[in-house]
Amino acid sequence: MRIVLLGPPGAGKGTQAVKIAQAYGLAHVSTGDIFRKNLREKTALGKLAQSYMDKGQLVPDDVTISMVEDRLAQEDCAKGFLLDGFPRTLAQAKAFDDKMNVDMVIEIEVPDELLVTRMSGRRMCKCGATYHVSMLAGKTTCEKCGSALYQRDDDHEATVKKRLDVYHRETEPLVAHYAAQGVLVTIDGTQGIDKVFADIQAVLGDARK
Ligand code: AP5
Ligand code: MG
Ligand code: ZN
């Protein structure tokens with residue numbers, strides 16, 4: 001099964017991706033996570049990506065597309081994958097269409113007002129877990145692996161607003177692109193995390209391959 005998760009920054013793509021990947025045995029491919037890993041490891045790709053991410057801009061298409069192609073060629077993706085954060089421009093979507101079909105594109109819809117609150121309270125772990133301060137009760141370490149939680153550099157209010165602008169301009173056109181292909185499903189992302197996941201499971205049904 002090949003799934004794309006679409007939605008604005010803070011919609012809950014990463015939160016749901018971890019659950020879906022586990023439940024359906026898919027590889028979770030998050031372009032944001034790959035860029036952040038490169039940034040931590042100070043690779044050339046990380047340095048290049050950082051200059052865009054810090055400003056809330058997109059990393060250039062050619063760099064992103066070839067990075068995703070390399071990732072999808074790895075063995076764990078053969079069983080199926082879940083793309084989180086890619087494609088996010090029409091050029092990326094078209095390059096991807098040329099390579100393969102997707103089974104379903106799940107759009108998680110959340111209005112901008114809610115997104116700012118979600119992102120400014122987000123705390124991350126390097127293991128991929130995502131939290132919100134409202135659910136941490138003051139805890140500063142990850143309940144899955146014990147590592148210290150951190151705030152993303154691009155989660156400050158000015159950058160968040162910029163990312164939302166970029167989403168509406170560059171990524172939202174993909175909703176119509178995938179609707180025209182008949183693979184788009186829209187989920188109400190304003191609901192609680194478990195309800196959003198239940199709605200996603202309902203559309204995915206028992207598909208486990
Ligand atoms: P990326 O890391 O992909 O960030 P994003 O798309 O901006 O999305 P986020 O990760 O911010 O949000 P999310 O939807 O995953 O929400 P989350 O689950 O964390 O990209 C970062 C940057 O990398 C980009 O700006 C760009 O520079 C670059 N980049 C990445 N991909 C690229 C590409 N393809 N092309 C070019 N550049 C690219 O949830 C958010 C918060 O809300 C958390 O605190 C969470 O606990 C909480 N929450 C989640 N769901 C719920 C719920 N249902 N109810 C209440 N709270 C919730
Ligand atoms: Mg994410
Ligand atoms: Zn962790």
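For ligands, and for the atoms within them, numbers begin at 1 and follow the listed sequence.
At least one heavy atom of Q191 sits closer than 4.0 Å to an atom of ligand 1. Ligand 1 lies nowhere less than 4.0 angstrom from a heavy atom belonging to S30. Not close to ligand 1: G7, with no non-hydrogen atom less than 4.0 angstrom away. Residue contact annotation: K195 has no non-hydrogen atom under 4.0 Å from ligand 1. Not a single heavy atom of R123 sits under 4.0 Å from any atom of ligand 1. Within the structure, the closest approach of G56 to ligand 1 does not fall below 4.0 Å when heavy atoms are considered.
Nearest to atom 12 (O) of ligand 1 among the protein's heavy atoms is G10 N, 2.7 Å. Ranking the protein heavy atoms by distance from atom 31 (N) of ligand 1 puts T31 OG1, 2.7 Å first. Taking atom 4 (O) of ligand 1 as the reference point, the nearest protein heavy-atom neighbour is R152 NH2, 3.2 Å. Of all protein heavy atoms, the one closest to atom 37 (N) of ligand 1 is V59 N, 3.0 Å. Protein heavy atom in closest approach to atom 33 (C) of ligand 1: R88 CD, 3.2 Å. Nearest protein heavy-atom contact of atom 13 (P) of ligand 1 is K13 N, 3.5 Å.
Distances between N or O atoms of Q57 and those of ligand 1 include at least one value under 3.5 Å. For the pair Y131 and ligand 1, the shortest N or O to N or O distance falls below 3.5 Å.
Close approach to T64 involves these atoms of ligand 1, each under 4.0 Å from a residue heavy atom: 33 (C), 34 (N), 35 (N), 36 (C). The distance from ligand 1 to the heavy atoms of R163 drops below 4.0 Å at these ligand atoms: 4 (O), 5 (P), 7 (O), 9 (P), 11 (O).
Contacts of P8 with ligand 1, taken as heavy-atom pairs under 4.0 Å, involve the backbone alone.
Of the candidates T171, I34, T15, L164, it is T15 that places a heavy atom closest to atom 49 (C) of ligand 1. In the candidate list K55, E170, R118, Q92, R118 is nearest to atom 42 (O) of ligand 1, counting heavy atoms. Among M119, Q16, H132, R122, the residue whose heavy atom lies closest to atom 9 (P) of ligand 1 is R122. Proximity annotation for atom 1 (P) of ligand 1: of G14, G32, A11, P9, G32 comes nearest, heavy atoms only.
Within the 3.5 Å criterion, the main-chain N or O of D155 finds no donor-acceptor partner in the side chain of R122.
For the side chain to side chain contact (heavy atoms under 4.5 Å, CB included) with V63, the lone residue among V59, D61, I65 that qualifies is V59.
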